[in-house]
Amino acid sequence: MSARILDGQALAGRLREEITPQVAEFARRHGRPPGLAIVLVGQNAASEIYVRNKLKAGRDVGFRPDLERLPETASLADLLALVARLNGSAVHDGILVQSPLPKGLGGDAASRVFDAIAPEKDVDGFTPGNVGRLVQGRPTLVPCTPLGIIELLTREGIPVAGRRACIIGRSEIVGKPMALLLLQRDATVTICHSKTPDLAAVCREADILVAATGRAGLVTKAFVKPGATVVDVGMNTITDLAVAMQWFPEGHPRLARFHERGSMLVGDVHPDVADVAGALTPVPGGVGPLTIAMLMMNTLRAARARAAT
Ligand code: NAD
């Protein structure tokens with residue numbers, strides 16, 4: 001058996017086509033486009049790429065996307081002052097503070113910042129109020145990655161109600177909100193993590209398996225019930241040829257590209273899983289593009305809600 005590939009890139013394109021006229025309609029009615037402020041503190045190569053992609057996606061759908069940069073030397077007070085300014089801005093409907101923040105800001109910087117963002121502009125869905133609403137089953141702005149996964153499952157006709165779902169990873173941005181969204185859709189949900197014994201056996205019970213660990217290739221065939229849907233959230237960069245050759249055989253196009261670039265992006269799920277799974281999201285081109293599409297959805301939702309008040 002070879003799993004059906006769930007093409008997140010294609011769905012993200014369709015979502016962009018759906019959002020674009022709605023953004024134009026918003027701009028016509030309110031005399032301005034939805035505004036998204038992205039805050040980037042310091043220098044981080046991966047964050048630069050993520051932010052560039054988010055700004056481009058925002059421009060493509062017709063938003064006003066603004067990049068607000070702070071230097072590596074900025075203090076937490078500087079960052080909180082910027083967030084306060086954006087909270088009060090009439091033209092910004094969404095505020096996203098790119099993670100990770102520089103270590104120099106202190107261990108509790110991220111939570112201090114999320115505490116400070118106005119909930120109605122919290123397009124990442126990370127503020128305590130929005131997390132609380134999600135827990136209570138009355139979500140408003142929901143974290144983009146799990147929201148994108150739900151959109152994918154829905155549009156691909158993959159049933160959730162009554163199914164067993166297993167999530168590997170319990171982070172605030174993926175694992176926990178993913179569990180809540182699946183639970184709200186009547187799945188029977190198990191959350192696994194680094195201390196879960198017999199991980200493969202637990203995962204093998206699942207009709208829907210979501211891997212969000214950042215451990216390249218953790219999920220092998222032994223984790224997967226035949227026919228299950230496997231969603232790979234992981235984004236891991238491989239730079240070692242010997243490791244790359246454990247992923248793809250000589251002559252495979254992905255390995256050829258590794259030889260050109262010296263690195264490749266892989267997920268938490270080994271490609272052999274396609275022999276057992278019923279459906280599988282690829283990396284790249286699966287969950288990643290949907291995360292950005294959901295950021296656009298959340299920004300439009302936030303803009304409409306603000307315009308209505
Ligand atoms: P995190 O580091 O905050 O959490 C990782 C989780 O995995 C933890 O809960 C930990 O207990 C669990 N874990 C780690 N090793 C494990 C093991 N051996 N067995 C079982 N569980 C284990 O990570 P995160 O922020 O949730 O991100 C997870 C991955 O998803 C990363 O690769 C990240 O880059 C990726 N990610 C992708 C997107 C996207 O849009 N595609 C968005 C967010 C995160």
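First listed ligand is number 1; within each ligand, the first listed atom is number 1. For reference, positions follow the sequence shown, starting with 1. Only heavy atoms go into these numbers, but all of them, side chains included; no hydrogens, no water, no symmetry mates.
Using a 4.0 Å cut-off to heavy atoms of R215, the atoms of ligand 1 that qualify are 14 (C), 15 (N). For ligand 1, the atoms lying closer than 4.0 Å to a non-hydrogen atom of I168 are 20 (C), 21 (N). Proximity to N236 (heavy-atom distance under 4.0 Å) selects the following atoms of ligand 1: 32 (O). The contact set between ligand 1 and G288, taken as ligand atoms under 4.0 Å from a residue heavy atom, comprises 40 (O), 41 (N).
Closest protein heavy atom to atom 35 (C) of ligand 1: V233 O, 3.4 Å. What sits closest to atom 31 (C) of ligand 1 on the protein, heavy atoms only, is G214 CA, 3.7 Å. Given atom 5 (C) of ligand 1, the protein heavy atom at minimum distance is T213 O, 3.7 Å. For atom 10 (C) of ligand 1, the closest non-hydrogen atom of the protein is S194 N, 4.1 Å. At the shortest separation from atom 44 (C) of ligand 1 among protein heavy atoms lies V174 CG2, 3.9 Å. Nearest to atom 40 (O) of ligand 1 among the protein's heavy atoms is T291 OG1, 2.8 Å. Of the protein's non-hydrogen atoms, the one nearest atom 33 (C) of ligand 1 is M235 N, 4.3 Å. Of the protein's non-hydrogen atoms, the one nearest atom 18 (N) of ligand 1 is L218 CD1, 3.8 Å.
Residues D240 and F258 share a closest heavy-atom pair of C-CZ, 3.7 Å.
A salt bridge does not link E120 with R301: every distance from a Lys NZ or Arg NE/NH1/NH2 to an Asp or Glu carboxylate oxygen is 4.0 Å or more. For the pair D207 and R164, the salt-bridge criterion is not met [side-chain N within less than 4.0 Å of a carboxylate O]. Ionic pairing of E17 and R14 is not present here: no N-O contact between side-chain nitrogen and carboxylate oxygen is shorter than 4.0 angstrom.
Put simply, atom 2 (O) of ligand 1 has no protein non-hydrogen atoms near it, under 4.0 Å away. Inside a 4.0 Å radius of atom 27 (O) of ligand 1 there is not any protein heavy atom.
No donor-acceptor pair closer than 3.5 Å links the side chain of E156 to the backbone N or O of A279. Put simply, the side chain of D198 never gets that close to the backbone of A201: no donor and acceptor are under 3.5 Å apart. Side-chain atoms of T291 come within 3.5 Å of backbone N or O of V287 as a donor-acceptor pair. Formation of a donor-acceptor pair under 3.5 Å by the N87 side chain with backbone atoms of I117 is not found in this model.
V269 and F223 fall within the same hydrophobic cluster, where Ile, Leu, Val, Met, Phe, Trp and Tyr residues are linked whenever their side-chain heavy atoms come under 4.5 Å apart, directly or through other members.
Contacts of L290 with ligand 1, taken as heavy-atom pairs under 4.0 Å, are absent altogether.
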_Show, in sequence, the C-alpha distance, side-chain angles and deciding distance for T281 and D232, and conclude whether the side-chain hydrogen bond (donor to acceptor under 3.5 Å, both in side chains) test is met._
CA-CA 6 Å; T281 65; D232 190 354; 5.7 Å; no

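Ligand 1 lies out of reach of C192, whose nearest heavy atom is not under 4.0 Å from it. Between G175 and ligand 1 there is no heavy-atom distance shorter than 4.0 Å. At least one heavy atom of L199 sits less than 4.0 Å from an atom of ligand 1.
Geometrically, ligand 1 and S171 share a nitrogen or oxygen pair separated by less than 3.5 Å.
Taking each of C203, P146, P289, G169 in turn, the one with a heavy atom nearest to atom 12 (C) of ligand 1 proves to be G169. The residue from M294, H193, K195, R170 that puts a heavy atom closest to atom 21 (N) of ligand 1 is H193.
With a 4.5 Å cut-off on side-chain heavy atoms, T145 and I173 do not count as touching. Side-chain contact between D66 and H92 is present, with at least one heavy-atom pair separated by less than 4.5 Å.
At a cut-off of 3.5 Å, with distance as the only test, no side-chain donor of D108 or S111 sits close to an acceptor on the other residue.
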